[in-house]
Amino acid sequence: MKEPEIKPSETSAGKLPSHVAIIMDGNGRWAKRRGLPRIMGHHAGVRAVERTVRAARDMGIKTLSLYAFSSENWKRPESEVSGLMRLFRMYIRSRVELLLKEKARIRFAGRLDDLPVDIREIIREAEEKTESQEGLQLVICLNYGGRREILDAVNKASSSGEIFPLDENSFRKYLYLPDVPDPDLIIRTSGEMRLSNFWLWESAYSEFFFTEKLWPDFGPDDLEAALKTYGRRERRYGSV
Ligand code: FPP
């Protein structure tokens with residue numbers, strides 16, 4: 001069914017999602033269609049990240065989270081994993097100055113302790129340097145798995161002497177980034193329609209937007225289309 005026409009001003013008037021989360025899918029297919037190695041798709045994916053972060057900031061999004069590497073992605077060929085790690089190092093290192101200039105804050109979610117030691121150090125430094133910035137909050141999910149996050153939270157609660165049974169509020173404190181609001185809108189590119197272990201706890205009431213576009217082809221117009229669709233959704237949180 002075709003959704004009714006909406007003017008851009010209607011979307012930005014109060015119904016802008018505060019937290020937009022993106023499952024960036026399709027880098028491999030993008031490269032394959034061009035006869036390139038998969039890693040070239042990830043390189044093009046970084047350029048799409050740069051465009052999208054800029055657009056999100058310009059559109060007034062408060063939090064943008066990106067699913068960059070899942071806890072299952074270690075199963076990929078060693079060369080692809082190490083290529084991705086190289087890209088993360090390069091991206092984080094080269095972005096910090098720009099993020100500072102743009103008043104943006106960068107944070108990371110996932111089992112960060114299992115990442116290579118130098119990446120942990122780069123992450124720590126980037127988080128620390130941008131900690132007090134109040135513009136766009138960029139969350140990079142690295143070695144992230146939703147089930148693991150829930151298990152990690154339960155284990156942390158238990159070893160912190162938390163009183164059981166927990167309720168939703170006492171549980172939330174143990175998530176990776178408890179102060180980050182739940183995603184209002186989750187976008188997935190490349191035509192796949194699944195959550196793939198992303199923000200499992202946090203997505204309870206998220207709206208979804210799926211696009212056929214492969215991640216390296218994603219840009220400001222696609223983000224705008226997702227925001228317009230979101231602007232037309234009626235969120236009920238279980239009520240009528
Ligand atoms: C999924 O596409 C993409 C990934 C597993 C990696 C995402 C990484 C980037 C976009 C690059 C760097 C990110 C940051 C934040 C600097 P796929 O490889 O599974 O694509 P396919 O399904 O077409 O094979």
Side-chain angles (χ1 to χ4, degrees), residues 20-57 61 63-99 102 104-112 114-116 118-120 122-123 125-127 130 136-146 176-177 180 183 186-199 210-220 222-223:
V20 175
I22 309 185
I23 304 175
M24 309 178 288
D25 198 7
N27 295 352
R29 274 163 284 171
W30 184 92
K32 192 168 176 212
R33 283 180 197 172
R34 288 162 177 75
L36 297 168
R38 290 179 60 82
I39 195 65
M40 295 312 289
H42 297 313
H43 276 268
V46 176
R47 294 194 288 277
V49 166
E50 288 167 350
R51 286 197 294 275
T52 306
V53 170
R54 242 187 344 259
R57 189 207 54 195
I61 302 297
T63 301
L64 175 71
S65 62
L66 302 175
Y67 202 8
F69 193 86
S70 79
S71 44
E72 287 72 38
N73 286 152
W74 298 107
K75 293 183 217 147
R76 295 186 175 213
E78 205 279 320
S79 59
E80 184 173 347
V81 171
S82 58
L84 277 167
M85 293 298 149
R86 259 198 303 279
L87 277 184
F88 298 141
R89 274 187 198 97
M90 207 173 68
Y91 177 80
I92 306 164
R93 269 212 208 100
S94 67
R95 287 289 105 183
V96 173
E97 287 314 310
L98 191 70
L99 293 168
E102 293 177 344
R105 177 178 187 186
I106 191 166
R107 305 175 78 181
F108 294 82
R111 269 202 196 159
L112 306 177
D114 295 340
L115 290 168
D118 66 315
I119 296 192
R120 267 152 46 200
I122 295 169
I123 284 177
E125 212 176 287
E127 284 190 325
T130 62
L136 174 80
Q137 171 164 247
L138 174 63
V139 177
I140 308 285
C141 298
L142 263 190
N143 194 22
Y144 177 89
Y176 293 139
L177 298 174
V180 169
I186 299 182
I187 299 172
R188 183 168 189 150
T189 58
S190 90
E192 310 291 348
M193 295 187 193
R194 52 179 177 266
L195 197 50
S196 299
N197 210 9
F198 191 38
W199 290 144
F210 299 106
T211 168
E212 294 290 325
K213 279 269 175 91
L214 303 177
W215 175 249
D217 294 325
F218 192 90
D222 302 294
L223 182 60

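Just follow the structure's listing: the first ligand is 1, and inside any ligand the first atom is 1. The figures that follow rest on heavy atoms only: side chains count, while hydrogens, waters and symmetry mates do not.
- Protein heavy atom nearest atom 11 (C) of ligand 1, with residue, atom name and distance: His42 O, 3.7 Å.
- Here is the list of ligand 1 atoms found below 4.0 Å of a heavy atom in Gly28: 17 (P), 18 (O), 20 (O), 21 (P), 23 (O), 24 (O).
- Between Tyr67 and ligand 1, not a single N/O pair is under 3.5 Å apart.
- A salt bridge links Glu50 to Arg95: one of the charged nitrogens lies within less than 4.0 Å of a carboxylate oxygen.
- Relative to atom 15 (C) of ligand 1, the option among Ile140, Val53, Thr189, Ile106 with the closest non-hydrogen atom is Ile140.
- When the options Asn27, Ile22, Ile23, Leu87 are ranked by their closest heavy atom to atom 10 (C) of ligand 1, first place goes to Asn27.
- Between the side chain of Arg51 and the main chain of Phe218, a donor-acceptor pair closer than 3.5 Å is present.
- Nearest protein heavy-atom contact of atom 13 (C) of ligand 1 is Phe88 CE2, 3.7 Å.
- Taking the six-membered ring where the residue is Trp, Phe69 and Trp74 present perpendicular rings, their angle passing 60° and hence far from 30°.
- Residue-level proximity to ligand 1 for Leu66 is absent, since no heavy atom of it falls below 4.0 angstrom.
- Close contacts between ligand 1 and Trp215 involve ligand atoms 10 (C) [criterion: under 4.0 Å to a heavy atom].
- Between Ser190 and ligand 1 there is no heavy-atom distance shorter than 4.0 Å.
- For ligand 1, none of its N or O atoms has an N or O atom of Tyr91 under 3.5 Å away.
- Here the CG-CD1 distance, from Leu66 to Ile22, works out to 5.5 Å after rounding to the nearest 0.5 Å.
- Residue contacts with ligand 1 for Trp30 are absent, since no atom lies close enough (heavy atoms, distance under 4.0 Å).
- Closest protein heavy atom to atom 22 (O) of ligand 1: Arg29 NH2, 3.0 Å.
- Nearest protein neighbour of atom 1 (C) of ligand 1, counting heavy atoms only, is Met24 O, 3.2 Å.
- Taking atom 6 (C) of ligand 1 as the reference point, the nearest protein heavy-atom neighbour is Ala68 O, 3.4 Å.
- Of the possible donor and acceptor atoms, one in the side chain of Asn197 sits under 3.5 Å from a partner among the backbone N and O of Gly146.
- At a 4.0 Å heavy-atom cut-off, ligand 1 touches Arg38 through the side chain alone.
- Considering backbone and side-chain N/O of Arg76, one or more are found under 3.5 Å from N/O of ligand 1.
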